2 protein chains.
Amino acid sequence: MNYFSSDFKLGILGGGQLGKMLLNDTRKFDIYTCVLDASNEAPCKIASNEFHLGDLMDYDAVYNFGKQVDVLTIEIENVNVDALETLEKEGIKVYPSSKTLRTIQNKAKQKLFYVDHDLPTADFLRFAYLSEIEDTINNGGLKFPFVWKAAQFGYDGNGVKVVRQLSDLDHLPKGECIAETLVPFKNELAVIVVRNASGEIKTFPVVEMEFHPEANQVEYVICPARIDDKVAQKAIDIALKTSKAFNHVGLLAVEMFQTADDKILINEVAPRPHNSGHQSIEASYTSQFEQHIRAILDLPLGRTDSKVGGVMVNLVGAEGHTGNVIYENIEHIMNMDGVTPHIYGKKQTRPFRKMGHVTIVNEDLNEARRIAEAVKKSIKVISE
Amino acid sequence: MNYFSSDFKLGILGGGQLGKMLLNDTRKFDIYTCVLDASNEAPCKIASNEFHLGDLMDYDAVYNFGKQVDVLTIEIENVNVDALETLEKEGIKVYPSSKTLRTIQNKAKQKLFYVDHDLPTADFLRFAYLSEIEDTINNGGLKFPFVWKAAQFGYDGNGVKVVRQLSDLDHLPKGECIAETLVPFKNELAVIVVRNASGEIKTFPVVEMEFHPEANQVEYVICPARIDDKVAQKAIDIALKTSKAFNHVGLLAVEMFQTADDKILINEVAPRPHNSGHQSIEASYTSQFEQHIRAILDLPLGRTDSKVGGVMVNLVGAEGHTGNVIYENIEHIMNMDGVTPHIYGKKQTRPFRKMGHVTIVNEDLNEARRIAEAVKKSIKVISE
């Protein structure tokens, strides 16, 4: 099939910032792209060839949209998987597959998948209802501290909580969940694996993630991670094994813990472009977004190594600010060395909402990290 | 003024490939952008916030469009300058200025500007009509060979011809023109200068251009140029002096000849993003397109140095092919090391039409040049 002709249509479920960044590369290749999103103000409303309004969790909306395209991908996991399964049966190429999405959408299923495929992950218990956790604690089957995770629809730190005492369980959603051993870790690492439909597979360098303590959102991503080569290779091998276990097509971001004794444990995966790969736009030979398009269109993959060191800083809404967004001091950070802001185009800010990110590139990674600190201190995402 | 809010509107005259590449960066910064172009199939029709249909040479079309924006720029020189002059008087920021465009639109005026500002350029004679050239030859005032150039509306090698005998003048446009000394040169070089409204000024590295013998279009751009540092510095100094002479805001691409005896002579300038800077998207810390936006919005300029070596190959329509375009072997070149195709999205190809370009980046510039050769030999822009 000739992707570079308007006979071909690529569909993206979700019109947020990840879709917006994918569109830069579909535009570069002039690949006809249709986007489905529920919001008329979605960042993908422009730059897509066709923008369709619809609820991503609605069977008919997803099915009817998918029937119009040749290849269908996602920029967010929370989509109607039954519709994807029907579309696959009817010959639409869906990447990631409905099977993979079903496994990943449910954190309990996802954890069981790792166990089944001999992939290292923290020990856990699965519960159909929150109330079962309390019983298990009372029966001595579970000790504090542990990490509670909602099985479904967690996003950007929602649906995750460290539980140190019974009262920490108050006000948590009542539904299906897991209790995971709290792992003492040195580093949070991530490896993005890219695999195309023909099975060509590559990995981006291991990155180091620094998280915001409260929001549990990535604050800095550092590429490459400043870790021992042996540990890096271990992380890469596990990420490759994970992508192959899913028989995955497209990007798979594998988030991992480096434990105190240098074990690598898989935390969770994302079957799409990921926050831990944003710096690839400026730092890598091929951005994660271009790689995802190459992979799902079964084109040859590009180089995944880096031209220079890269650090990514998320721009999230400041606490106490809700309303029309202002990027305070953005002109000041643009005066810093190797700094590129990416503004997602959301008109309304609220605390911890992802509004954009800033990439800092430099021949010297430590210098990039220093500048990233200055960027972080300077720019503020506030409301009018 | 807060450029990063929808109260601000940037206007671009022209919706072709340069505009399309500018839009990648206005999208990145979420800057509200309006485009005016005469074609409903212009590459900028999508990715702009507003697309307006209109003739760029029509006073009313340009004036009425310009009145709706805060800052107005161009991606092509052939626009109605009277309208720009009125807009400037009415307080719209127009970059490049109407004065600069008037000078550049007319090659005779442009050459006189160099003379007036003590900028080196090849000797020339100015003629109101083609017929005057013949008289001058007969009177011994002009010797073969020389270069005929139409004073106005030349583009991509149209309006330029080497004249070796009288018959070469047949079928040339009858209007205003110049006859320029044919300069024996070693290299064609270019330097892109970027200057913002506050006067901050930077140059990109000197690049080397290899031209297609027939079409007189750039075939390869090599960054940095493989020339002596002293010659490079001379070219940079002349480019800087030229930008300052125009009191220019935005990008100014200065095309130059390196003569047999290492003199630098200005050939011509373009007051906008330029073909000689396309490789900056992948090779430079800041692309020429982002720099143009930073400059005309009076933002701080980014780094202009390179992350890696870059070579650019133009994708022009193959001879003997007119109609719906096909990019033959594009998947094959995407399998080569460090290769990124840019497809402009023009549906119809014709001989020598600029349909896209390919960037090849590599730590080793000579390796990039070798791969560029392979790309050039492999990909063909043909019709169905």
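Nothing here was measured: the structure is a model prediction, and the numbers come from that model. Within every chain, numbering begins at 1; the chains are lettered A, B, ... in the order of the sequence lines, protein sequences first and strands thereafter.
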- Check the pair Gln288(B) / His278(B) against side-chain hydrogen bond (donor to acceptor under 3.5 Å, both in side chains), numbers first and verdict last. CA-CA 7 Å; Gln288(B) 67 167 341; His278(B) 288 356; 3.2 Å; yes
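Look at Lys93(B) and Asp70(B) and you find no salt bridge, because none of the NZ, NE, NH1 or NH2 atoms lies under 4.0 Å from a carboxylate O. Salt-bridge formation is not detected for the pair Glu384(A)/Lys347(A): no Lys NZ or Arg NE/NH1/NH2 atom is positioned less than 4.0 Å from an Asp or Glu carboxylate oxygen. Looking at Arg370(B) and Glu367(B), a side-chain N of the basic residue comes within less than 4.0 Å of a carboxylate O on the acidic one, giving a salt bridge.
Taking CG of Leu13(A) as the start and CD of Glu75(A) as the end, the distance is 9.0 Å to the nearest 0.5 Å. Of the inter-residue distances, the one linking Tyr285(B) atom OH with Glu282(A) atom CD reads 12.0 Å to the nearest 0.5 angstrom.
Using a 4.5 Å cut-off between non-hydrogen atoms, the part of residues 43-50 of chain A that approaches chain B consists of Pro43(A), Ile46(A), Ala47(A), Ser48(A), Asn49(A).
Residue contact with chain A, scored on non-hydrogen atoms closer than 4.5 Å, involves the backbone and the side chain of Val361(B) alike. With a 4.5 Å cut-off on non-hydrogen atoms, Arg27(B) touches chain A through its backbone and its side chain both. Proximity to chain A (any heavy atom under 4.5 Å) is shown, for Val325(B), by neither the backbone nor the side chain.
The aromatic ring centres of His342(B) and Phe29(A) sit 6.0 Å or more apart. Note: His292(A) and Tyr95(A) fail the aromatic proximity criterion, with ring centroids not under 6.0 Å apart.
Here Asp337(A) is the residue among Asn24(A), Asp25(A), Asn324(A), Asp337(A) with the most heavy-atom pairs under 4.5 Å with chain B. Each of Met336(A), His332(A), Glu363(A), Met21(A) has some count of heavy-atom pairs under 4.5 Å with chain B, and the biggest count is that of Glu363(A).
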